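Quick caveat, the model's predicted, so the values are computed rather than measured. Counting begins at 1 with the first residue of the sequence.
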Amino acid sequence: MSTQFPDDFKCPISLEIMSDPVILSSGHTFDRVSIQRWLDSGHRTCPITKLPLPEHPCLIPNHALRSLISNYTLVSPSKSQPCSQPQTLVSALTSPSSPIGTKLDSLTHLAGLTKRDSSLRRKLTESGAVPAVLKFVDSEDPVLQEKALSLLLNLSLDDDNKVGLVAEGAVNRVVKILRIGSPDCRAIAATIITSLAVVEVNKATIGAYPDAIPALVRLLIAGKGREKKEAATALYAICSFTDNRRRAIDCGAVPILINLLDLGLERAIEVLGLLVKCKEGREEMMKVNGCVKVLVKVLKNGSSRGVQYGLFTLNCLCNYSEFFCFEARKQGVLGICMGLVEEENEKIKRYLSNLVQTLSGNNAIG
């Protein structure tokens, strides 16, 4: 049987499975190549809503959806054990009299079904099943917990569900998992934070939880590869809200991120690109020995997106401090910039021009 993908995984423009999903300011997700082509053609309206867009639209990576697409495996119904109807599964999940094994089976089936059925995700939240799912997130059984988290992640993919899930108490449970869950559960929990933070109001709500940002920062230190990456992605998602940047800085995120960037976790430069926007972030970066050297490594070896954020971060630092200008010149940044002049990425061109101008003059303010 050929693999079938959910419609949510398909770009509304190309109708192909998205490889790099990004969110437009209208709230709709498109594959980066398709929406960039649309914008490069001169369009400044959302292809779906037709609402006007800014002159320079911001394309926000939908990391949660990208992770889900990359990890997607179709759950094929067994011929010998046909899958129960969704309503039966929901009833078994919410019924106090259902045996624990039946509840586990229901969670497993519903997690599989909701991967590819957005209408079922909506029905599930409307049916009152969310409290039962959250109860299993609190379970001490790691198998139940992981299945419940997978289901919760799927439910969070629908924008209409995101605020409601936060109101139901999802964040408190997920943060607890970030602190004491198994490695797989912690990675899923961080991805849920990323998904919920797509809605602007949730960024502030999540950041206001006393242990949310500290738990993500601790995961950067103690987590394994996937946990670190998902934690950095979640921080990137919530730190577009200004107050959360200061919270992350206060938790000591800056030196940790610079170290992870030096070790090859490129997602760290995206978070640093947000933290550098506030004075406290720049001051913390000044305290890290070798910060410029790490950023230069990104300019030399990073992906297009990494180079973009590396240029932006370095320019912010050089504008802030003559010491950074001196270090950047010493590290040969002007020469590296000359090697990037053929780049076609518009943001790279703009940030490259700004950095060259900064290093060629004396624009430092502190």
Side-chain angles (χ1 to χ4, degrees), residues 6-9 12 18 21-30 46 48-49 51 58-69 71-72 90 110-111 113-138 148-178 185-209 211-213 215-216 230-231 233-244 247 274:
D7 289 340
D8 291 347
F9 290 1
M18 290 182 278
V22 293
I23 304 167
L24 209 54
S25 57
S26 63
H28 290 279
T29 296
F30 304 87
C46 172
I48 294 178
T49 66
L51 293 173
C58 181
L59 303 179
I60 303 172
N62 192 333
H63 294 302
L65 182 56
R66 183 173 184 171
S67 293
L68 201 61
I69 292 172
N71 294 326
Y72 181 79
V90 172
L110 286 170
L113 291 169
T114 52
K115 275 186 177 181
R116 60 185 187 274
D117 191 338
S118 58
S119 64
L120 177 58
R121 293 197 289 265
R122 287 191 292 272
K123 289 176 183 175
L124 204 57
T125 53
E126 292 167 0
S127 71
V130 170
V133 177
L134 293 176
K135 179 181 177 182
F136 289 116
V137 170
D138 281 335
L149 284 167
S150 297
L151 178 52
L152 186 62
L153 173 59
N154 293 346
L155 296 179
S156 75
L157 294 177
D158 284 7
D159 287 353
D160 291 342
N161 289 344
K162 295 180 193 292
V163 174
L165 288 172
V166 171
E168 293 265 17
V171 175
N172 190 43
R173 267 85 165 194
V174 168
V175 169
K176 182 180 177 183
I177 299 301
L178 288 174
C185 286
R186 289 199 298 258
I188 299 171
T191 307
I192 292 171
I193 294 291
T194 302
S195 179
L196 293 174
V198 168
V199 176
E200 202 66 28
V201 68
N202 283 351
K203 300 178 195 290
T205 306
I206 293 168
Y209 274 80
D211 208 27
I213 291 176
L216 289 170
E230 296 298 347
T233 301
L235 282 172
Y236 176 79
I238 62 178
C239 283
S240 60
F241 180 69
T242 307
D243 289 353
N244 289 341
R247 290 171 177 138
L274 293 175

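- Considering only residues two or more places apart in sequence or on other chains, Thr194 meets the side chain to side chain donor-acceptor pair (under 3.5 Å) condition with none of them.
- With rounding to the nearest 0.5 angstrom, the CG atom of Leu235 is 9.0 Å from the CG atom of Asn244.
- Across every non-hydrogen atom of Ile177 and Ala189, the tightest pair is CG2-CB, 3.9 Å.
- A 4.5 Å side-chain heavy-atom check between Val22 and Asn62 finds every atom pair outside the cut-off.
- Contact detail for Ser156 and Leu165: the closest heavy-atom pair is CA-CD1, 3.6 Å.
- Within the structure, every pair that satisfies the salt bridge (charged side-chain N to carboxylate O under 4.0 Å, His left out) test and touches residues 119-129, not counting sequence neighbours, is listed here: Asp8-Arg121, Arg121-Asp158, Arg122-Asp158.
- Between Phe136 and Leu149, the closest side-chain pair of non-hydrogen atoms is not below 4.5 Å.
- Rounded to the nearest 0.5 Å, atoms CG (Leu124) and CG (Leu151) are 5.5 Å apart.
- With sequence neighbours left out, Asn202 forms a side chain to side chain donor-acceptor pair (under 3.5 Å) with no residue at all.
- For Asp117, the side chain to side chain contact (heavy atoms under 4.5 Å, CB included) test picks out Ser119, Leu120, with sequence neighbours left out.
- With sequence neighbours excluded, no residue forms a side chain to side chain donor-acceptor pair (under 3.5 Å) with Ser127.
- Residues Leu178 and Ala215 come closest through the heavy atom pair CB-CB, 3.8 Å.
- In terms of heavy atoms, Ile238 sits closest to Ala197 at CG2-CB, 3.6 Å.
- Partners of Ala231 according to the side chain to side chain contact (heavy atoms under 4.5 Å, CB included) rule, which considers only residues two or more places apart in sequence or in another chain, are Leu216, Leu219, Leu220.
- Taking OG1 of Thr125 as the start and CG of Asn161 as the end, the distance is 4.0 Å to the nearest 0.5 Å.
- The side-chain contact (heavy atoms from CB on, under 4.5 Å) test with Leu153 is passed by exactly one of Thr114, Val174, Thr191: Thr191.
- By the side chain to side chain donor-acceptor pair (under 3.5 Å) test, Thr205 pairs with no residue at all, sequence neighbours left out.
- Ile60 is linked by a side chain to side chain contact (heavy atoms under 4.5 Å, CB included) to Ile23, Cys58, counting only residues two or more places apart in sequence or in another chain.
- Under the side chain to side chain contact (heavy atoms under 4.5 Å, CB included) criterion, Asp160 pairs with no residue at all, not counting sequence neighbours.
- No donor-acceptor pair closer than 3.5 Å links the side chain of Ser26 to the backbone N or O of Cys46.
- Atoms CD and CD1, on Glu230 and Ile188 in that order, are 9.5 Å from each other to the nearest 0.5 Å.
- Applying the salt bridge (Lys or Arg N to Asp or Glu O under 4.0 Å) criterion to Lys162, with sequence neighbours excluded, gives Asp159.
- In this structure, Lys203 NZ and Asp243 CG are separated by 13.5 Å, a value rounded to the nearest 0.5 Å.
- Listed here is the closest heavy atom pair of Thr29 and Pro12: O-CD, 3.3 Å.
- With sequence neighbours excluded, the residues satisfying salt bridge (Lys or Arg N to Asp or Glu O under 4.0 Å) with Asp138 are Arg173.
- With sequence neighbours excluded, the residues that form a salt bridge (Lys or Arg N to Asp or Glu O under 4.0 Å) with Arg186 are Glu227.
- From Ser195, atom OG reaches atom CD1 of Ile193 across 10.0 Å, with rounding to the nearest 0.5 Å.
- Under the 4.5 Å side-chain criterion, counting only non-hydrogen atoms from C-beta, Phe30 is in contact with Ile48.
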